[in-house]
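Beneath this line is the structure, given in C-alpha cells, with notes to follow.
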Amino acid sequence: MAGLELLSDQGYRLDGRKASELRKVQARTSVFAQADGSAYLEQGNTKALAVVYGPHETRGSRSKSLHDRAVINCQYSMATFSTAERKRRPHGDRKSSEMSLHLKQTFEAAVLTELYPRSQIDIYVKILQADGGNYSACVNAATLALVDAGIPMRDYVCACTAGFVEDTPLADLCHAEESGGGTSLALALLPRSGNIALLQMDARLHQDHLDALIEAAMTACKGLSKVLDGVVRQHLEEVSVLIRD
Amino acid sequence: MIKTEKVLHLNSSKGRKVRVVREHYVREQVPCGSSLCQADCHNDGKVLSGDVTHYVVPDVGVVRDFLEILEFRELQGIVLTQTAYQTVQHTRGRRQYNRLRALLKDPRHDCVLFANEFQQYCYCPRDKGESQDKWHTRNVYNAAVWYYNHLAGLQPVVMITEDSDAISEFSALNMLNYQYLFGFRLDAAYDLYNSIAQTLQERESEGVEKVYTEHLPAEVLEAGIKSGRHIQGILSVNKHRAQLEAFVRYEGSVSKNTELNSDVLINGAKHRNRAVHGDVVVIDLLPRNEWKGRTMALTEGQGEEQPLEDTQSQPMPSGRVVGILQRNWRDYVATFPPLEAVQSQSRNSQKILVIPWDYRIPKIRISTQQAEALQNQRVIVRLDSWESTSVYPTGHCVRVLGKAGELETEIQTILVENCIHVPTFSEAQLREMPVNTEENPWQMDTSEISSRRDLRETHLVFSIDPKGCEDVDDTLSVRTLPGGKRLELGVHIADVTYFVREGSLTDLEARSRATSCYLADRRYDMLPAVLSADLCSLLGGVDRYAMSVLWELDAETLDVCTVWYGRTLIRSSYQLHYELAQSLLNGEEIEVPELSQLKGSQRDQKQAELLQALETLTRVARHLRAQRDKGGALELEGVEVRAQLDEEKNITALVPKQPLEVHETVAECMIYANHWVARKIQENFPHQALLRHHPPPKQEFFNHLIGSAKARGFSIDTRSNRALADSLEQAVDPQDPLVNKLMRMMATQAMSNALYFSTGACPEEQYYHYGLALDRYTHFTSPIRRYADVLVHRLLMAAIQLEEKGSLSKPFASNKELEELAQHINNKNRAAQHAQKQSTELFQCLYFRDKDSHTDERCVADAVIYAVRTNGFLAFVPQYGLKGAVYLKNREGQVVSVDGDGRCEWKAGILQRYPDRISTCTSTGTHIFDLFDHVTVRISVEPSRCHADSLCLELISNKPHCAVQPESQPAGRGRSELVQEVVRWAEEASLQAEEERGRKSKLSREEKQFRQSRTPNLYVLLQEISELALLDLSVCQIRNTEEQTCTASS
C-alpha cells in the first residue's frame, strides 16, 4: 500500500507509538540446555533465537585460528515461516551472509576475544518472525546468549534501528515503516562507554539530519540496554534461588 | 502502553490474500482536543470550543460519503474519529483524504481528530467473523461513549450514521434526522444531502452495459510507465473541438523515442476514456496507421461538424488513455437546461444532463428533483465518479449561483471557474485588525517608535500615484547628504508585515488569496480594507510604519556606495499624482495642494525643495535605466508596456494620452529596490529566498513573428533579448503604426510567464530575468496587494536579523515549503489574470449584446489581419482591443467575394491559403487578403446559454473602416466608458426588477467594500504587465493552437 501515513499529524505512528517509543521487548535466557548460552528475544513482533557455543578449539582447518585472540563465527538465518509469504531461504544467500558478517563485526568489537587465543566462539541466530529490525533483534538476542554463556564482554551490545520521516526521527522501525521507503539506520552501541560497534545505513539522507538520527538511535539503544540488563538480573535471581535450595 | 495485535487481511503483490499480524499499541493518555476536558489532556493545536450545544461524532460512512456536508462551517463541534479518518484514506484516495486533512487543519472549522484507536478504553479488537463496517461502527460508537464520559457528561455527544442497524442498536441518528432535530436552517446542506444520497443510490442500481474500457490497475500503470510501455502526461482538451481533440503533454521525457517529443493526440471520446481536462493520465500509443492529424480549420461554435479530411495536418502521434493516475477535478459551473429540454431528455426527470460553462468539460449527469426550479440557472457542480458504464460522468449540485446571463451570476461564474474564493473577511480576522476610527484613532507604539529609524524630520518623503489612489504602498525620497559628495535615494514601502503577523488568521487568508483580484468593474482585496486603504497606505501628512531601502550614491558618478535596509517611520509630505509631478518638472506654474495653505515666500521655498527632489530623482532614474541598458538590457520592456497597455482593457483606461517620463522614473526606482532586495535575501538565504525569474522564451515560438515580419519585409532577430528589442525597434511601418504594435504583441505571445520560485529549487543560472535583464529579481514594493511581497518583507527582516545577531529567532520556511508556496502564488496569479481577462470579455459582450449590429454605428469597426488559417483569418480590432476569427467560408461551403467598391457577400467559390495570405476565388474575381491588411468588420454577439457569450466578427468590406469617431481618441477611454455603461445597465435592470427591495443601496455598499479606489495603482499595473505577464492574455487561446502548430511542424 503506497502512501501510508507513517507519522500522523498528531504524532502517532502506524501502530500507535509516538516517534521515540520502542516496541515492547520481552526476552528469556537459557532456553536450551545443550548450548553454552542461549536466549530468546521478542522485539514487537520480531522474534529471534540466539545460541552460543564456545569458546572451544577451532574446528576445521587450523589455519583459521588466530594466535592472539578468538575467532568469532556467526551464522544468521531466517525461518521459512518468518515472513508474510512463505519462502525457502537456503543458507548462504547474499542477504544472510551479509547479515552474518555484520554480526561478526559487531561482536568482535564487544567480546574480549584476546582472552581466548587460538579458540573459536560460535553464535547462531535465527529469526522466527520478521517484522522489521531483524539485525537489532539478532544483536540483542546474541548479547543475552553471550552473557548466558559467560563469555566476557566489554559491555552489553544493544542495537536499534531509526528512521526519518517528515523531519522527525522514528525509533525502532516496524516492518511497515521499514518498507515505506524512507531512510533506515541500524546502530549497535556499547551503552556505557557510548562507543558505536556498528552503524549501517543504505538510503540517502541529508547531512544535516544525520546527527539527529544517530542521537535518536542511541537513546533507543540505551533504553534497550536497561531492558536487557533487567532480563539478565532476573535470570540471575531465578538461578541463585535454585542454587540456594 | 499496552501491546495488542491487529490482524489484517491484505492483498499481496501477486494478488493472493495474506494474513498479516500488526502490532497495535494502545494507551490511556490520548488528547481529546476539547476545551471542556476535565482530565488535563495535553491538547496542543486546535481545540473544540465549549460553547456549542453538543458534539457530533460522524460514523465512517458519513465521513466517507458526506464529507461535503461536514465542510459547512455552520456545523460545529465535530469530533472525527481516527477510524473514519483512516478509512477515508484507504478507500477514497488522495484527493478526498487531503480535503479531510485540510478541514482538520483549517482553524476556521470547529473540528478535531480524536485518535480513538490508540485509546485503551475506546479500541475494541475485531471479533471473529465480524464485517469490517460493523467493526468500524462499533469502534466509533465506543469512542463516542468514551468521549461523553471523558468530558464528565458536560456536553451531549451525538453520533450520526447511515447504517440502519447501528441506529437501532446504538440509538444513533442518521444525517437527515440529525439535521432536522438540531434545527439547522441550512437549506444548502439539506439539498446537498439529498443530491449526494440520490447519487449514491443510483450508483448501486446502475446498468452493466459498458461504454468505455476499464482502466488498468495502478500497479500495472506504474510498472508500465517505468518500463516505457505507457506514457504519463497531463490531458488538455482543445477548447474549440472539445469532443474530439485532446492532447497529452509529457511530464519529463521517459520515452527514448525521439520522434515523440511533441504532444500526443487523443482523438474522440472512446480513446479519451473518461479522462477530464487536467487529469494526469497514462496513455498507450496507437499503431502508426491509426494516427490522425489535428484539425487546422477555424470552427464555429462547438465542433458539431466532422472535420473535413483536407483540413487536417500531418498525422501526429496518437494514443488512447489506459488509466488515470490522478483526477484533478475542481468545482465546475454548469447550467441547467430549460424545462422543455428536461422533459424530452428523460422520462423519470431525475437525471439531468447539465452543460458545464467550460467547453473542455463534458456534460455532467445530475440526479435532482429540483430540475424545474433550477431551469436556466447556473449552479456549481462537483464530479463524483465516471463509471465505465456511463457515457457521462455523474455529479451533484452544490450551490446555485443564479440565473444565466445576469451580471452578478456571470461574475460569480468567472470566480468559481478560476478557483478564486473570496468570501468577505470573517469577524475573527477583522478582530485581529487594529482599530482606527474617529473617536478611537490608531496610535503608534512607543516601543516601535524607538526601535525604528525615524525619517519623519530628516527626509522629504513623497508618493507619486495615479489620481485618486488610496492604497499607496510606495513612497520615494531623495536628498543630498551633508558635504555634497553623496546623494541618498530612498524607497519606502508600506510595512504590511507589522500588521499581518505570520500565522495569524489574516495572514492565512491573505496567503490563500495570494493576490488582490481586479475584475473589470470591481476588485477583491487581499487584505481587509482597514489595512489596505488606511493603516498600511502611506498617505500624505500622517505617520506610518515603513520598510525602507536607502542607497548612498556618489553625487557625480551615481555609483552605489552603501545600502541600508530596515524598518522606518515616515511621514509622506506630498501625495502627488503623475500629471502634477510631470507639470512640476516641466516648469509649469501649478498649485501643489499641500502648499495651498502657506503664504508667499515660504511656499516658494517649499515648492523649490520639492522640485529639486523631483529633478534629482529623474536624473538618478535616467542613470539607472541607462545602466541597465548598458549591461545588455533590453528596450523591449519599456516600449512593450505601452503597446501592451492598449490590449488590456481596464488598464488601458488608465493610460494617459502620452506616457510621461515620471512614470518611468517611479518604475525604475521600484525595479531598483526589488533588485537590491533580491540580492540581499539571496545572499543571506541561498537556499530559501523567494525570487522571481523570467525564463528566456523558446526560439520556435518566435516562428510566427518572424514569418509575419517577413511578409512586410522586416527581419527579426530573436537570438537574445537585446537583439529582439533592437529589431523590433526598427520594424516600423511609417504608414501604419499598428504593424509595429501587432508585432510586439506577437513577440509577447512567444514569451513565457515570469514566475516566483525558491532559490533552493533552481540552479543559479536560471535566476535570470529575461524581460528586465537582471540577474536576480523579486517583488518587494506592493505588499498590500501581493502575498509574495509580504513573504519577501519577512525574508528581508530575517536577513537583517541574521546579520545583526548572527542567528534567527525562529527558523524560516524551508526550501520545500517556500517552493510550494511559490507555486501556489503563481497559480493564484494566473487564475486572477484569467478572471480579469474573462471579465473583460464578459463586459465586451454585454456592451454589444443590446445593440443591433446592422444599424448601430458602434458595431462596425476597423480590423487588422494578423494571422491566416485555412478557412479564414484572425483579426485585431484596435478600437475595442479585441481579437477574433473572421471566416471566409461558411457552412454551406460558400466563400466571401468582394465586389468593386469593397463590399462583401457570400458566393460559391474556393479558398486558397498561402503562408502569409489567403485568397478567395469566385465568379466575380479573385481577392487576396494579406497579413496586416486593414478590413472592416461588424461585431455581433453570439449568445450562448451555457457558456460565456462570444463576440463574432463578420467581414463587411476589405477597405479600412473610416471611423466616425476621430481616430485620435484613445481607445482606452472608450473601453472604460464601456465598462461603466454596462455596470449602469445592470444596475438599472436590477433596480427595475426589485425596486421595492432597494437593491441599489446594496450595490453601493458593495461598491464601498470592494472599490476603495476605482483605479488600481498605475505603477503596479505597469510593472505587472511589463514583467509579470509579458503575455497577452486575450490571445491565449490562439496562442495555444499556435504553439501546437509550431511543435507539430518542427
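Source: prediction; values computed, not measured. Here is how names work: the chains are called A, B, and so on, in the same order as the sequence lines, proteins then strands, and each is numbered from 1.
No more than 12 heavy atoms of other residues, nucleotides or ligands lie within 6.0 Å of NE2 in H687(B), so this atom counts as exposed by the packing criterion. Around atom NE2 of H175(A), no more than 12 heavy atoms belonging to other residues, nucleotides or ligands sit under 6.0 Å away. Crowding of R28(A) atom CZ: a count of heavy atoms from other residues, nucleotides or ligands under 6.0 Å not exceeding 12.
Judged purely by atom type and a 3.5 angstrom limit, Q10(A) uses its side chain to pair as donor or acceptor with the backbone of L113(B).
Looking at residues two or more places apart in sequence or on another chain, you find a side chain to side chain contact (heavy atoms under 4.5 Å, CB included) between A141(A) and L41(A), A48(A), A50(A).
To the nearest 0.5 Å, the span separating CD on E23(B) from CD on Q43(A) amounts to 9.5 Å.
Residues Y12(A) and R27(B) form a side-chain contact, since some pair of their non-hydrogen atoms from C-beta on lies under 4.5 Å apart. R22(B) is not listed as a side-chain neighbour of L14(A), based on a closest heavy-atom distance of 4.5 Å or more. Residues Y25(B) and R13(A) have side chains not in contact (no heavy-atom distance under 4.5 Å, counting atoms from C-beta outward).
For the pair F118(B) and D15(A), the tightest heavy-atom approach, listed with the atom from each and the gap, is CE2-C, 3.8 Å.
When heavy atoms are compared at a cutoff of 4.5 Å, D167(A) does not approach chain B at all.
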